[in-house]
Amino acid sequence: MSGNKDLDWKIYESITKYIYETLGRQSGVTIKGYGKNCVLVGKSGVSHQIDVLTSHSDGIHNFETAIECKFWKQKVDKDVVMKLAAIMEDADISKGIIVSRSGFTKDGQDYAKFKNIGIVILREWDEKDQDETPKEFEFGILQINMNILVTGPKILQIAIGNNRFLDVQDEFDLFNYYLEQKDKNRVAFYDYVTDFRLDIAKQNKMQVEITKTYKLSGSRLYRRGISESVELDEITITGKLTQRDESKKLEYSLVDKVWLIMKSIFDERTFTFSENGLLIENKNL
């Protein structure tokens with residue numbers, strides 16, 4: 001449907017055609033004509049323009065329905081109903097429907113019922129409809145199953161000599177450490193961790209513990225924010241290549257916004273028409 005949600009009479013007719021084409025698809029109803037080019041010549045010889053003309057067959061006979069669209073600010077009265085009834089009789093059309101934006105007068109409803117002409121209100125959703133027809137509705141659930149296996153090194157232990165170990169709960173904590181070497185150069189401690197992780201990945205031995213020692217004679221280990229340091233000559237890192245399952249199931253509600261409400265007066269059926277062209281019958285109304 002058009003991204004422009006501002007109705008005019010042309011869009012209104014087009015939507016009416018779309019709705020009846022959609023509703024009639026399962027029961028074999030087809031659109032026979034539509035718009036200014038849909039013209040029938042009656043028994044009187046007079047031509048009649050029909051907004052939407054549908055056709056339906058019972059296997060033996062074909063039946064036509066004339067649908068009149070009234071994109072008016074005022075209610076449709078009996079004169080409009082009488083005109084359609086006359087056209088139906090002259091053009092030998094079986095059934096008639098009047099679709100109105102603003103509803104029908106009492107005499108219009110009474111005469112339509114007398115002539116067995118369907119009357120339908122098709123109008124924009126309004127705030128006053130909120131209680132019975134919320135502005136948004138859920139029309140489906142989207143489920144996504146993501147199968148994810150993540151392979152990567154896992155640090156098991158970091159020894160810094162003399163039976164001392166770094167107690168690191170989270171590997172990101174290692175970014176807070178740095179080494180000051182004999183020549184006073186500073187090296188990020190995580191540089192050694194990165195080198196070790198790359199070494200494990202290259203060996204590609206799943207779940208096999210690997211140990212690597214880095215000689216750092218005369219170095220001192222510092223932690224940012226703390227003035228004290230630890231003297232060390234080496235660090236020994238132990239780890240292994242692991243694989244963890246991070247598969248997940250994602251579920252999203254598919255939501256659309258109501259644009260129009262359609263009420264068939266005599267049939268007592270109500271539909272909502274969304275901004276994206278979804279037509280859903282409201283069974284609870």
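- No side-chain heavy atom of Lys75 sits under 4.5 Å from any side-chain heavy atom of Ser100.
- Evaluation of the ring-ring contact (aromatic ring centres under 6.0 Å, His included) rule for Phe71 yields Tyr12 as partners, not counting sequence neighbours.
- Atom NZ of Lys43 has more than 12 neighbouring heavy atoms from other residues, nucleotides or ligands inside a 6.0 Å radius.
- For Thr151 and Gln243, the side-chain atoms include at least one donor-acceptor pair closer than 3.5 Å.
- Within the 3.5 Å criterion, the main-chain N or O of Gly35 finds a donor-acceptor partner in the side chain of Gln49.
- Residues Asp8 and Lys10 are not paired through a salt bridge, judged by the lack of any N-O separation under 4.0 Å between the basic side chain and the carboxylate.
- No continuous path of hydrophobic side-chain contacts links Ile87 to Ile67 [ILVMFWY only; heavy atoms under 4.5 Å].
- Taking 4.0 Å as the cut-off between side-chain N and carboxylate O, Glu234 and Lys215 count as a salt-bridged pair.
- Between Glu124 and Arg101 there is a salt bridge, since a side-chain N of the basic residue sits under 4.0 Å from a carboxylate O of the acidic one.
- Because its NZ or CZ atom is not both nearer than 6.0 Å to the ring centre of Tyr111 and within 45° of the ring axis, Lys78 does not count as a cation-pi partner of that residue.
- Between Leu7 and Ile15, the closest side-chain pair of non-hydrogen atoms falls below 4.5 Å.
- Counting heavy atoms of neighbouring residues, nucleotides and ligands inside a 6.0 Å radius, atom NZ of Lys128 exceeds 12 of them.
- When each of Ile121, Val120, Val80 is checked for a side chain to side chain contact (heavy atoms under 4.5 Å, CB included) with Phe104, only Ile121 meets the rule.
- Annotation for Asn62 and Ser57: closest pair OD1-CB, 3.1 Å, computed over non-hydrogen atoms.
- Residue Ile97 is not grouped with residue Ile119 when hydrophobic side chains (ILVMFWY) are merged at heavy-atom distances under 4.5 angstrom, including chains of intermediate members.
- Shown here for Gly239 and Ile200, the closest heavy-atom pair between the two residues is C-CD1, 3.8 Å.
- When Met262, Lys263, Glu132, Glu281 are each tested for a side chain to side chain contact (heavy atoms under 4.5 Å, CB included) with Thr270, only one passes: Lys263.
- Two residues are said to be in side-chain contact when any heavy atoms from C-beta on lie closer than 4.5 Å; Leu216 and Val187 fail this criterion.
- With a 6.0 Å radius and a threshold of 12 heavy atoms from other residues, nucleotides or ligands, Asn163 has its CG atom at or below the threshold.
- Open room surrounds CG on Asn116; 12 or fewer heavy atoms of other groups in view lie less than 6.0 Å from it.
- Partners of Tyr178 according to the ring-ring contact (aromatic ring centres under 6.0 Å, His included) rule, which considers only residues two or more places apart in sequence or in another chain, are Tyr222.
- Salt-bridge check for Glu251 with Lys249: failed, with every basic side-chain N at 4.0 Å or more from each acidic carboxylate O.
- Hydrophobic clustering of Ile, Leu, Val, Met, Phe, Trp and Tyr side chains at less than 4.5 Å, counting indirect connections, unites Leu250 with Leu254.
- If you check the side chains of Asp90 and Ser44, you find a donor sitting under 3.5 Å from an acceptor.
- A pairwise comparison of heavy atoms in Ala201 and Leu241 identifies CA-CD1, 4.5 Å as the closest pair.
- In this structure, Met146 places its CE atom where only 12 or fewer heavy-atom neighbours from other residues, nucleotides or ligands lie under 6.0 Å away.
- Among residues two or more places apart in sequence or in another chain, the ring-ring contact (aromatic ring centres under 6.0 Å, His included) test is passed with Tyr192 by Tyr214.
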Is there a side chain to side chain donor-acceptor pair (under 3.5 Å) between Ser274 and Asn276? Walk through the geometry before answering. CA-CA 5 Å; Ser274 79; Asn276 292 305; 5.2 Å; no
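- For CZ of Phe266, the number of neighbouring non-hydrogen atoms (other residues, nucleotides, ligands) closer than 6.0 Å is greater than 12.
- Linking ILVMFWY side-chain heavy atoms closer than 4.5 Å, directly or via other members, places Leu40 and Val52 in two distinct hydrophobic clusters.
- No more than 12 heavy-atom neighbours from other residues, nucleotides or ligands sit within 6.0 angstrom of NZ on Lys83.
- Looking only at side-chain heavy atoms (C-beta outward), Ile160 and Leu166 come within less than 4.5 Å of each other.
- Ring pair Phe172/Phe175 is parallel by interplanar angle, where below 30° counts as parallel and above 60° as perpendicular.
- For Trp125 (side chain) and Thr133 (main-chain N/O), a donor-acceptor pair under 3.5 Å exists by modelled atom type.
- Residues Glu138 and Ser253 bring a donor and an acceptor atom of their side chains to less than 3.5 Å of each other.
- The 12-atom threshold is not exceeded at NZ of Lys205, counting heavy atoms of other residues, nucleotides or ligands nearer than 6.0 Å.
- In the model, Asp245 has a side-chain atom that pairs as donor or acceptor with a side-chain atom of Ser247 under 3.5 Å.
- Judged by distance alone, with hydrogens and angles left aside, the side-chain atoms of His56 form a donor-acceptor pair with the main-chain N or O of Ser27 at under 3.5 Å.
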